[in-house]
A.B. asks: 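Handing you a structure now.
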Amino acid sequence: MENYSNKAEIDRVYKELSVRADEVYKFVIRYSEYINTPRDYGTGEMIGMVEVHILTMIADNPGITVTEASKLWGRTLGAVSQTVSKLVKRELITREKEKGNAKTIHLYATERGQQLATAHKIFDNLDITETLHDLLQKCSLEEIDTFYKVLHVYNELLV
């Protein structure tokens, strides 16, 4: 607070700085709503984005553990464990204990899980392509690349 001499100065600086921050907040809120809305990725199965991405990671890495998945996905062990439990309940993945080590549990996609993971990849390929097309209507490829670079650095700041 010592850098600001009075409330008027605080308000002026806040107004200047918050314009860009507000864009980030709006994006985070909208994207949060987007990722938390269950959708059909093409198999008739309604599932949220986080769940389908973890399912796809398991399908792509048969035998992965929850600990490995949490590191790859950048989520807490507890959060991934909860998602894994949901996926097991929905019979999209199975858990198998490691022989000779009952503590280590490996994860595998079921046939239905594999089909959903593949459908998810097709959905994302189309969705990402369509989003890029829409962005290119208002931004150059260089601007889009810069956005993703800044996003990457911003993510590193938040870790």
A.B. asks: Is Tyr25 linked to Phe27 within one hydrophobic cluster, defined over Ile, Leu, Val, Met, Phe, Trp and Tyr using a side-chain heavy-atom separation of less than 4.5 Å?
C.D. replies: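 Cluster IDs for Tyr25 and Phe27 differ.
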A.B. asks: Honestly curious: do Val88 and Leu92 fall in one hydrophobic cluster under the side-chain, below-4.5 Å linking rule?
C.D. replies: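 Val88 and Leu92: one cluster.
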A.B. asks: Decide side-chain contact (heavy atoms from CB on, under 4.5 Å) for Leu17 and Val13; before the verdict, give the C-alpha distance in whole Å, the side-chain angles of both, and the deciding distance to 0.1 Å.
C.D. replies: CA-CA 6 Å; Leu17 296 177; Val13 172; 3.7 Å; yes
A.B. asks: Between Asn61 and Ile64, is there a donor-acceptor pair closer than 3.5 Å when you use the side chain of the first and the backbone of the second?
C.D. replies: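 No; zero donor-acceptor contacts below 3.5 Å.
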A.B. asks: Angle class for the Tyr31/Tyr34 ring planes (parallel below 30°, perpendicular above 60°, tilted otherwise)?
C.D. replies: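 Tilted, since the angle between the ring planes falls between 30° and 60°.
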A.B. asks: Only pairs under 3.5 Å count here: list side-chain donor-acceptor contacts from residues 148-159, not counting sequence neighbours, and write none if there are none.
C.D. replies:
unit_1: His152; atom_1: NE2; unit_2: Glu156; atom_2: OE2; d: 2.9
unit_1: Asn155; atom_1: ND2; unit_2: Leu151; atom_2: O; d: 3.3

A.B. asks: With a 4.5 Å cut-off on side-chain heavy atoms, are Glu9 and Tyr14 touching?
C.D. replies: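 They are not in side-chain contact.
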A.B. asks: Do you know which two heavy atoms are closest between Ala69 and Val80, and how far apart they sit?
C.D. replies: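 Distance-wise, the nearest heavy atoms are CB-CG1, 4.1 Å.
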A.B. asks: Quick one: are Leu72 and Met57 in side-chain contact, heavy atoms under 4.5 Å?
C.D. replies: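 Yes, their side chains come closer than 4.5 Å.
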A.B. asks: Output the distance between atom CG (Leu136) and atom OG1 (Thr131), rounded to the nearest 0.5 Å.
C.D. replies: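 Output value for this atom pair is 11.0 Å.
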A.B. asks: Identify which one of Thr56, Thr110, Asp40, Val52 satisfies the side-chain contact (heavy atoms from CB on, under 4.5 Å) criterion when paired with Leu116.
C.D. replies: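 For Leu116, the side-chain contact (heavy atoms from CB on, under 4.5 Å) test succeeds with only one of Thr56, Thr110, Asp40, Val52, which is Val52.
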A.B. asks: I'd like to know whether Arg30 forms a salt bridge (charged side-chain N to carboxylate O under 4.0 Å, His left out) with Glu33, so could you lay out the CA-CA distance, the side-chain angles of the two residues, the decisive distance to 0.1 Å, and finally the verdict.
C.D. replies: CA-CA 5 Å; Arg30 287 186 179 128; Glu33 290 168 356; over 6 Å; no
A.B. asks: Could you tell me which non-hydrogen atom of Arg39 sits nearest to which non-hydrogen atom of Thr37, and how far apart they are?
C.D. replies: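 Answer, listing the atom of Arg39 first, then Thr37: NH1-O, 3.1 Å.
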A.B. asks: Look up atom CH2 in Trp73 and atom CD1 in Ile54, then write down how far apart they are to the nearest 0.5 Å.
C.D. replies: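 Taking CH2 in Trp73 and CD1 in Ile54, the distance rounds to 6.5 Å.
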A.B. asks: May I ask you to check whether Asn36 and Ser32 show a side-chain donor-acceptor distance below 3.5 Å?
C.D. replies: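 Yes, a side-chain donor-acceptor pair sits under 3.5 Å.
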A.B. asks: Pair Ile105, Glu96 - check side-chain contact (heavy atoms from CB on, under 4.5 Å), show working.
C.D. replies: CA-CA 5 Å; Ile105 298 177; Glu96 294 181 21; 5.9 Å; no
A.B. asks: Considering non-hydrogen atoms only, spot the tightest contact between Ala117 and Leu55 and give its length.
C.D. replies: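 Nearest heavy atoms, Ala117 then Leu55: N-CD2, 4.3 Å.
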A.B. asks: Between Asp22 and Lys15, does any side-chain N to carboxylate O distance fall below 4.0 Å?
C.D. replies: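 No, this pair does not count.
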A.B. asks: Pair Glu23, Lys26 - check salt bridge (charged side-chain N to carboxylate O under 4.0 Å, His left out), show working.
C.D. replies: CA-CA 5 Å; Glu23 281 300 314; Lys26 287 179 201 173; 3.7 Å; yes
A.B. asks: State, with a plain yes or no, whether a side-chain heavy atom of Leu107 is found less than 4.5 Å away from one of Thr94.
C.D. replies: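 Leu107 does not reach Thr94 side chain to side chain.
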A.B. asks: For the pair Thr83 (side chain) and Ala79 (backbone), establish whether a donor and an acceptor sit closer than 3.5 Å, ignoring hydrogens and angles.
C.D. replies: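 Yes, Thr83 side chain to Ala79 backbone: donor-acceptor pair under 3.5 Å.
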A.B. asks: Between Thr104 and Asn101, does the side-chain hydrogen bond (donor to acceptor under 3.5 Å, both in side chains) criterion hold? Intermediate values first, please.
C.D. replies: CA-CA 6 Å; Thr104 304; Asn101 181 358; 2.9 Å; yes
A.B. asks: Would you check, one step at a time, whether the test side-chain contact (heavy atoms from CB on, under 4.5 Å) holds for Lys103 with Glu98?
C.D. replies: CA-CA 8 Å; Lys103 282 186 171 184; Glu98 186 175 297; over 6 Å; no
A.B. asks: Please round to the nearest 0.5 Å and tell me the distance separating atom NE2 of His53 and atom CD1 of Ile35.
C.D. replies: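 His53 NE2 to Ile35 CD1: 9.0 Å, rounded to 0.5 Å.
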A.B. asks: What pair of heavy atoms forms the shortest contact from Pro38 to Met46, and how long is it?
C.D. replies: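 So the two residues come closest at O-CE, 3.5 Å.
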A.B. asks: Are Glu45 and Gln115 close enough that some pair of their side-chain heavy atoms sits under 4.5 Å apart?
C.D. replies: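 No, their side chains stay 4.5 Å or more apart.
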A.B. asks: Does Gln137 reach the main-chain N or O of Asp134 with its side chain, forming a donor-acceptor pair under 3.5 Å?
C.D. replies: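 It does not hold such a pair.
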A.B. asks: Could you go through Asp11 and Lys7, starting from their C-alpha distance and side-chain angles, then the distance that decides it, and tell me whether this counts as salt bridge (charged side-chain N to carboxylate O under 4.0 Å, His left out)?
C.D. replies: CA-CA 6 Å; Asp11 290 346; Lys7 184 177 180 325; 2.7 Å; yes
A.B. asks: Test of understanding: with side-chain contact (heavy atoms from CB on, under 4.5 Å), list the residues that count as partners of Thr67, not counting sequence neighbours.
C.D. replies: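 Thr67 satisfies side-chain contact (heavy atoms from CB on, under 4.5 Å) with Thr65, Lys71, Leu77 only.
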A.B. asks: If you compare all heavy atoms of Arg95 against all heavy atoms of Ser85, which two are closest, and at what distance to 0.1 Å?
C.D. replies: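 That closest heavy-atom pairing would be NH2-OG, 2.9 Å.
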A.B. asks: Closest heavy-atom contact between Glu143 and Lys138?
C.D. replies: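 In this case the closest contact between Glu143 and Lys138 is OE1-O, 4.4 Å.
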A.B. asks: So how far is it from Arg75 CZ to Gln82 CD, rounded to the nearest 0.5 Å?
C.D. replies: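 One finds 9.0 Å between CZ of Arg75 and CD of Gln82.
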A.B. asks: Consider only side-chain heavy atoms of I, L, V, M, F, W and Y, link residues closer than 4.5 Å, and tell whether Ile47 and Val50 are in one cluster.
C.D. replies: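 Yes; tracing contacts between hydrophobic side chains, which count when under 4.5 Å, links both residues.
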A.B. asks: Do the side chains of Leu141 and Asp145 get nearer than 4.5 Å, heavy atoms only?
C.D. replies: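 A side-chain contact under 4.5 Å exists here.
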